[in-house]
Structures are given as C-alpha cells and as structure tokens.
Amino acid sequence: MTNKLRRTFMNKMLALSLLLATILSVGCGPSGFREPITKFQTSSAVVIASTRLYVTELNQVERDHYVNSQLSKRAQIKLDELEAVQVFSHDGLKARLDALAQLASYGDLLSKLANSDAPERAKSEAKNLGDSLKNLSTTVSGLSGANDTAFKAAVGPVSAIVGEVINFVLQQKIKEALNKAINEGESPINNLIAVIRNDIAVAYERKRNSLSDMRVILVDEYNAEMLKGASADSEKLRVFAERIREHENRWEVFASANPEEGLDAMAKAHSALVTYAKSGQKATNLASLVSAMEDFAARAKIIGQAVQELREI
Amino acid sequence: MTQIELIKLIGDVLTKLDVLRGSLLPNEPNRTELDRLRKQLDGLQLKLSKNIFDENTSGFLKATKDLEAVNKELKKTLNKIEKIVTTLETLKRFVTVVDDIVKIALPFL
C-alpha cells in the first residue's frame with residue numbers, strides 16, 4: 001500500500017469512527033439532542049453577534065455616509081437631514097437588539113437543557129428569559145414605524161411558544177420543554193429569523209452603499225492633491241494613498257461578512273433539528289442533521305471571522 | 001421582484017456607478033452628472049429601505065419589469081468608460097423608473 005493510499009484509508013477509517021461515535025452518542029430523550037443542539041447554539045451565537053453588529057451600526061452607517069458626503073462636497077450639514085437618513089427609530093433598534101439577545105438566550109437555554117442532568121441549573125436561566133420576554137413585548141407593542149409591522153407580527157408567536165417552554169422548565173419537565181421547543185418552535189422562530197434577515201439585508205445594502213461611496217471620496221481626496229502637480233504635498237499624498245489602501249481592504253472583507261447568509265443557514269439548521277426530533281431521533285436521519293449543522297457551523301465561522309476582521313481594520 | 005431584491009438591484013448599480021465615478025477626475029463634466037444621479041438613486045434606495053409596501057400590486061410589478069429591462073441595458077455599458085455618454089442616458093432612465101416605483105409603492109411620501 002502506497003503512502004497516499006494508506007493516508008486515504010486512514011482518513012476514511014477516521015471519518016467512519018467519528019460517524020459511529022456520533023451515532024452512539026445520540027439516543028432517546030434529551031441526551032439525543034446534545035451534540036446537534038450544542039453546535040446549533042455555538043454557531044447561532046456567532047451569527048447573532050454578527051447580526052447585532054449590523055443592526056447596531058445601521059443608523060451610524062447612515063449618519064457617517066451623510067457626514068462624509070457633505071464633507072467631500074464642502075456642503076452644509078443639517079441636523080434635520082441627519083435625522084432623516086436614519087432607518088430605524090431608537091425603540092425599533094432596541095426591540096431588534098432585544099429580540100436577537102433573546103434568540104441567543106433561547107439557544108443557550110436549549111443547550112443547557114440538552115446538556116444538563118440537573119434541571120435546577122436551567123431554571124434560573126428560564127426565569128431570566130421569561131422576564132426579558134415581558135420587556136420585549138412591552139417595547140414591541142409601542143413600535144409604530146412603517147418598517148416595524150413584520151417584526152411586530154413575528155415577535156408575538158415566538159413569545160407564546162418560548163413562554164410555554166419556560167413554564168415546562170420551571171416545572172422541571174426538561175424532556176417536555178425540549179420537545180415543545182423543537183417540535184412547535186420551528187415556524188415562529190424561523191419566521192422571526194426571516195424577518196430579522198430582511199432587516200439585515202437592508203442594513204447590509206445600506207452599508208455596502210456607504211462603503212462604496214467612501215471608495216470614491218477617498219480616491220477624490222488623493223486625486224485633488226495629485227492635481228496640484230509639483231506643488232502637491234507628498235506627505236498628504238502618502239496619507240491619502242494609505243487611507244485608500246486600508247479602505248480597499250475593508251471593502252474586500254466586507255463582501256464575505258454578510259450575516260444574511262448566516263441567518264439563512266441558521267433557519268435551515270433549526271429546521272433540520274426539528275426534522276430529526278420529529279423522526280424520533282433515528283440514527284438514519286442523523287447524517288442529514290450532522291451535514292446541516294456542519295454547513296451552519298462553517299458559514300457562521302466565515303462570517304464571524306470576517307466581521308471580526310472588519311472591526312480590526 | 002421583492003422589496004429586498006429591488007434594494008439589492010439598486011445597490012448593484014450604485015457600486016458599479018461608483019467604480020465609474022472613481023475612474024474620472026472630480027472636475028470632469030460627466031462626473032458632475034454622475035454624482036447628481038448617484039445622490040438621487042441613494043435617496044430613493046433609502047426611502048425604499050425605511051418603509052414596507054405591497055410588492056404585489058400590478059403597478060409595482062409592471063414598473064419593476066420595466067426596471068429589469070433598463071438594468072439589462074445599463075449593464076452593457078456601465079463598466080465601459082468609453083461608453084459614458086450612453087451610460088449617462090440609460091442611467092437617467094434607470095433613475096426615472098426607480099422614482100416611478102417609489103411613487104407607486106409609497107404614494108404617501
């Protein structure tokens with residue numbers, strides 16, 4: 001056997017061992033969900049953190065875009081125009097951030113339920129989540145923006161189902177809580193993810209627009225100095241060129257930092273989890289679940305790294 | 001075409017338009033017109049981003065079909081600096097159609 005063949009054989013044996021280990025690790029009851037839920041929760045946390053960043057930055061992106069644009073034209077900056085460019089109201093922004101935080105807490109709770117043999121540990125978390133849900137409902141009921149309608153409609157059903165899950169947890173009925181969450185949470189949770197995904201799509205496009213315009217502003221800055229010919233300030237030219245270089249790096253990374261794709265993968269992974277749960281956690285359905293979780297984890301990793309890189313540039 | 005698809009389509013045009021703008025010096029005559037159209041398109045994209053509307057009205061469906069046709073034309077020249085005169089004409093039509101869409105989708109604005 002050549003070295004290459006031996007390596008291939010060993011890789012196949014390793015993959016088979018890992019698959020067998022995964023199959024053996026899943027069984028009936030909460031422990032059967034352990035690995036997929038843990039992976040779902042960790043990947044969700046990454047996607048949610050990236051999404052949070054976009055939602056938080058959305059209004060700031062619009063303000064920066066306006067200020068940069070006025071600056072480049074040496075035009076007047078007006079506060080009324082500055083306010084008019086903001087996409088979400090203060091409350092609308094807060095509600096979306098709260099909903100994202102609660103999706104993360106919900107994922108965390110599911111993970112604890114699947115991993116914990118001590119129901120007491122999950123109780124305090126469930127209680128906190130219940131309190132946060134009440135606060136979210138209050139914030140959401142006060143939203144009146146034209147772009148808040150879909151979001152408001154999506155939050156209600158999620159609050160209802162998560163409320164029921166919380167009640168089971170408080171009664172220490174862990175298996176029932178987990179089954180309820182997985183079997184009945186699919187449609188409302190995925191719908192909320194889809195609504196937030198649309199908001200993120202808008203946020204991503206507006207940010208793309210702003211970064212694209214900034215490319216021109218920076219090139220103009222350099223060219224305006226360059227046009228001075230012999231009297232051009234070489235130090236200024238160097239600084240302007242450096243700004244272009246940095247911004248072009250940012251522009252390149254930005255293309256792979258779209259949380260929209262992560263939210264799509266999150267909804268698919270959530271559905272795969274539900275399909276597996278509904279099938280009675282049969283090992284035959286495990287392969288598609290593992291594949292969905294791997295895909296989700298891979299996408300979450302790429303997005304997480306890209307968003308982190310964007311923050312560092 | 002959905003609202004999000006429309007916003008993305010405008011975004012695609014804006015980014016390509018910026019490459020064209022960034023390839024011309026700020027004092028070139030065509031550049032001023034490109035800047036004006038960019039500002040207008042940016043404002044329209046913002047309006048579409050801040051509001052929810054019905055994507056299924058016949059008026060909206062027809063107007064977005066028209067936009068797809070103009071966009072197809074625009075794509076042929078938008079990245080060719082030597083065809084800037086044609087691009088400017090097509091771009092003006094593109095902005096007019098987007099403006100019509102906004103008026104149809106958001107008549108209260």
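Each chain gets a letter, A, B and so on, in the order the sequences are listed, and its residues count up from 1.
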- Between B:Gln3 and A:Val202, is a side chain to side chain contact (heavy atoms under 4.5 Å, CB included) present by the stated rule, with each step listed? CA-CA 10 Å; B:Gln3 180 173 3; A:Val202 170; over 6 Å; no
- Pairing residues for A:Asp199 by the side-chain hydrogen bond (donor to acceptor under 3.5 Å, both in side chains) criterion, not counting sequence neighbours: A:Arg96
- Task: Heavy-atom pairs under 4.5 Å with chain A are the metric here; pick the option from B:Asn51, B:Leu14, B:Ile4 that has the most.
- Result: B:Ile4
- Query: Roughly how far, to the nearest 0.5 Å, is CD1 of B:Ile52 from CG of A:Asp148?
  - Reply: 8.5 Å
- Message: Counting only heavy atoms from other residues, nucleotides and ligands, does the tally under 6.0 Å from NZ of A:Lys73 exceed 12?
- Response: yes
- Message: For A:Glu248, I'd like to know if atom CD has over 12 heavy atoms of other residues, nucleotides or ligands within 6.0 Å.
- Response: yes
- Task: Please say whether more than 12 non-hydrogen atoms of neighbouring residues, nucleotides or ligands are located less than 6.0 Å from NZ in A:Lys268.
- Result: no
- Is B:Arg21 paired with A:Asp220 through a side-chain N to carboxylate O contact shorter than 4.0 Å? no
- Who are the salt bridge (Lys or Arg N to Asp or Glu O under 4.0 Å) partners of B:Asp42, not counting sequence neighbours? A:Arg206
- Task: Would you give the length of the straight line joining atom OG of A:Ser212 to atom CZ of B:Arg38, rounded to the nearest 0.5 angstrom?
- Result: 5.5 Å
- Note on the structure: Of B:Pro26, B:Ser23, B:Gly22, B:Ser49, the largest count of non-hydrogen pairs under 4.5 angstrom with chain A goes to B:Ser49
- Item | Contact class of B:Lys47 relative to chain A, heavy atoms under 4.5 angstrom | neither
- By ring pair (Phe, Tyr, Trp, His ring centres under 6.0 Å) - contacts of B:Phe53 (at least two apart): B:Phe60
- Inspect the contact between B:Lys50 and A:Glu62 and indicate whether a charged nitrogen and a carboxylate oxygen are less than 4.0 angstrom apart. no
- Sorted by number, residues from residues 235-242 of chain A in contact with chain B (heavy atoms, under 4.5 Å): none
- Item | Region of B:Ile7 in contact with chain A, defined by heavy-atom distances below 4.5 Å | both
- Steps toward side chain to side chain contact (heavy atoms under 4.5 Å, CB included) verdict (A:Trp251, B:Thr15): CA-CA 11 Å; A:Trp251 177 247; B:Thr15 52; 3.7 Å; yes
- Task: Could you look at A:Leu218 and say if it's the side chain, the backbone, both or neither that has a heavy atom under 4.5 Å from chain B?
- Result: neither
- Query: Between A:Asn209 and B:Leu46, is a side chain to side chain contact (heavy atoms under 4.5 Å, CB included) present by the stated rule, with each step listed?
  - Reply: CA-CA 10 Å; A:Asn209 175 353; B:Leu46 181 63; over 6 Å; no
- Query: Under a 4.5 Å heavy-atom cutoff, which of A:Asn223, A:Thr149, A:Leu227, A:Asp213 has the most pairs with chain B?
  - Reply: A:Asp213
- Item | Closest non-hydrogen atom pair, B:Lys8 against A:Ala201 | CE-CB, 4.4 Å
- Answer with side chain, backbone, both or neither: which region of A:Glu260 has an atom nearer than 4.5 Å to a non-hydrogen atom of chain B? side chain
- Note on the structure: So CG of B:Asp35 and OG of A:Ser72: to nearest 0.5 Å the spacing works out to 8.0 Å
- Note on the structure: Closest non-hydrogen atoms of A:Val216 and B:Asp18, given as atom of the first, atom of the second and distance, are CG2-O, 3.3 Å
